Amino acid sequence: MLQVPFIRENKDLVINRLAKRNINASDMINQVITLDEERRSIQAKLDNTLAESNALSKEIGVLYKTGKAEEANLLKEKTSYLKESSKQLNEDLSTKASELNELLYKIPNVPNELVPAGNTDEDNEEVFKEGDVPVLHDDALPHWELAKKYDIIDFELGNKITGAGFPVYKGKGARLQRALIAYFLDKNTAAGYTEYQLPHLVNEASGFGTGQLPDKEGQMYHVTGDNLYLIPTAEVPGTNIFRDTLLNESDLPIGITGYTPCFRREAGSYGAHVRGLNRLHQFDKVEIIRVEHPSRSYEALNEMVNHIKIILNELKLPYRILRLCGGDLTFASSLTYDFEVFSTAQNRWLEVSSVSNFETFQANRLKLRFKNTIGKNELAHTLNGSALALPRVLAGILENYQTKDGIVVPKVLQSYTGFSIID
RNA sequence: GGAGAAAUGGCAGAGUGGUCGAAUGCGGCAGUCUUGAAAACUGUUGAGGGUCACACCUCCGGGGGUUCGAAUCCCUCUUUCUCCGCCA
């Protein structure tokens, strides 16, 4: 969520930038400022009332000690009125505070100046493109056909065991999947990220900390018996490591990486664009997360982008990088780059990574701060990105590396798979 | 799952109704001494809000209650430890 003092001091900028998301925020922003003023004035009244009653209580204590019980009883009567009014003020305060918060939860992050205005993915800006699209033989197949032909992913079996969107990887398919995970983790740790194994279920407070709750509750699987949620991404447990944390400036930057399965309910649409591995209820992902000093978070974002470039270059997959427009930007992000791999047999681009700078938007909710050099607590910047999401990388490999003799395993993965062709 | 104990500042650990935001020790910081360091000694040292700065308010695991007044009493939740049971 946005910081109220920032809104107060940069009202026009906030409204203008939010317009890039096609949001007319001026009413909301004005209301935030009004509610905050009201909240602070109630707070001041409450403080005064409490100060008065604290002073009286102290006096009563002294009177009792010196044996002046009658005078004490006289003062006690006075306090009942103070009690009444502080109770009332307290209620007013929490009403006002929750009104303000509810409004703040509805306001998305302020887009960075680089973010192009726009509504749909048509308006995303292609900023980079690399790799040659392979020329495939005439009988080239989409990955779901390849999966069946080589018996490496069984979608029907997943239907039987669980339901649609829970594929079963087997044999060389399973091994290739494991190879990718190991390869990604190795690349990430070599780049300085610390490897974590994180819980796959999180509590309400964590869901709230990264913003999945309260609004996007329906996107997560909810284990009602224990009131826990299956993670939709490692971002949730990974970023919540830092919930309610006060760091030293010297602790920054922090970089972590982790592999987790990801669970998404994503109320189902069906059709060719979600076939096979394109969209699943359970999939694997290796995530990178960074906590940065505000002064260098955009430098960090570029480092993350370059890191993912290197991985895709090594895998020799054709890809492009998009700078997301305001309409496509996720709620919490200020600036996002999407990586898309070209899937030759489907003749379309598949999103394999999304790298974002959230600036202080997440940190504010998380209460993730650091003590700066002049001893003041300051919100840190958080960033995260996929490095990388497995299924669509796998789809890209299967489709782009298919030959008449089988699917060739990308060179960098061969030491991990132990085989060089799937046939 | 059953029985019991506990949760206090960076850490350890006192505090069972009234100047307690909290003794003491360790650690941290500053100083004295020293060529320098160590040791010793002296001082200082929680967080958030608020203010130009003070004042003032809040915080002793979370939430609620009793009381003029709660770290301290009551209820409830969570977590940790010990014992028993079960178990990869």
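Protein chains get the first letters and strands the later ones, always in sequence-line order, with residue 1 at the start of each. These numbers come from a predicted model, not from an experiment.
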Hits for salt bridge (charged side-chain N to carboxylate O under 4.0 Å, His left out) against A:Glu292, two or more places apart or cross-chain, chain-then-number order -> A:Arg290, A:Arg296
Residue set satisfying salt bridge (charged side-chain N to carboxylate O under 4.0 Å, His left out) with A:Lys187, at least two apart, ordered chain then number -> A:Glu314
Residues A:Asn188 and A:His307: closest non-hydrogen pair is OD1-NE2, 2.7 Å
For [N], the Watson-Crick or wobble counterpart (both distances under 3.5 Å):
N      : value
B:rA14 : none
B:rU79 : B:rA6
B:rC73 : B:rG65
B:rC86 : none
B:rU32 : B:rA40
B:rC60 : none
B:rU51 : none
B:rG27 : B:rU45

Tell me, which pairs form a salt bridge (Lys or Arg N to Asp or Glu O under 4.0 Å) where one or both residues lie in [range], sequence neighbours left out?
range                       : value
residues 235-264 of chain A : none
residues 153-167 of chain A : A:Asp154-A:Lys170
residues 4-32 of chain A    : A:Arg8-A:Asp36
residues 74-96 of chain A   : A:Glu38-A:Lys96

Anything under 3.5 Å between a protein N or O and an N or O of nucleotides 44-47 of chain B, put it in a table, one pair a line.
from: B:rA47; atom 1: O3'; to: A:Asn377; atom 2: ND2; distance (Å): 3.3

Residue pair A:Val62/A:Arg39 against RNA chain B: nearer the 5' end by closest nucleotide is A:Val62
From CG of A:Asn227 across to P of B:rC77 the rounded distance in Å is 15 Å
In whole angstroms, the gap separating C1' of B:rG50 from CZ of A:Arg8 amounts to 12 Å
Point to revise | Separation of the P atoms in B:rG18 and B:rC26, to the nearest angstrom | key: 29 Å
Could you tell me how far B:rG9 sits from B:rU67 if I compare only their C1' atoms? Round to whole Å. 27 Å
Readout for nucleotides 54-65 of chain B: B = base within 4.0 Å of protein heavy atom, S = sugar-phosphate only, - = neither; 5' to 3' it is --SSS-------
Below 3.5 Å between N/O atoms, which protein atoms pair up with nucleotides 66-69 of chain B? Just atom names and distances, please.
from: B:rC68; atom 1: O4'; to: A:Thr79; atom 2: OG1; distance (Å): 3.4
from: B:rC68; atom 1: O2'; to: A:Ser57; atom 2: OG; distance (Å): 3.0
from: B:rG69; atom 1: O4'; to: A:Ser57; atom 2: OG; distance (Å): 3.2

Residues 18-65 of chain A vs ring pair (Phe, Tyr, Trp, His ring centres under 6.0 Å), sequence neighbours excluded, gives none
Ring pair (Phe, Tyr, Trp, His ring centres under 6.0 Å) pairs touching residues 4-26 of chain A, sequence neighbours excluded, are none
Those residues at least two apart in sequence (or on a different chain) that pass ring-ring contact (aromatic ring centres under 6.0 Å, His included) with A:Phe166 are A:His281
**OP:** Consider only side-chain N and O atoms of A:Thr417 and A:Lys172, and report whether a donor and an acceptor are under 3.5 Å apart.
**Re:** no
| message | Just so I know, are the side chains of A:Cys325 and A:Pro116 near enough to count as touching, which here means a heavy-atom distance under 4.5 Å? | response | yes
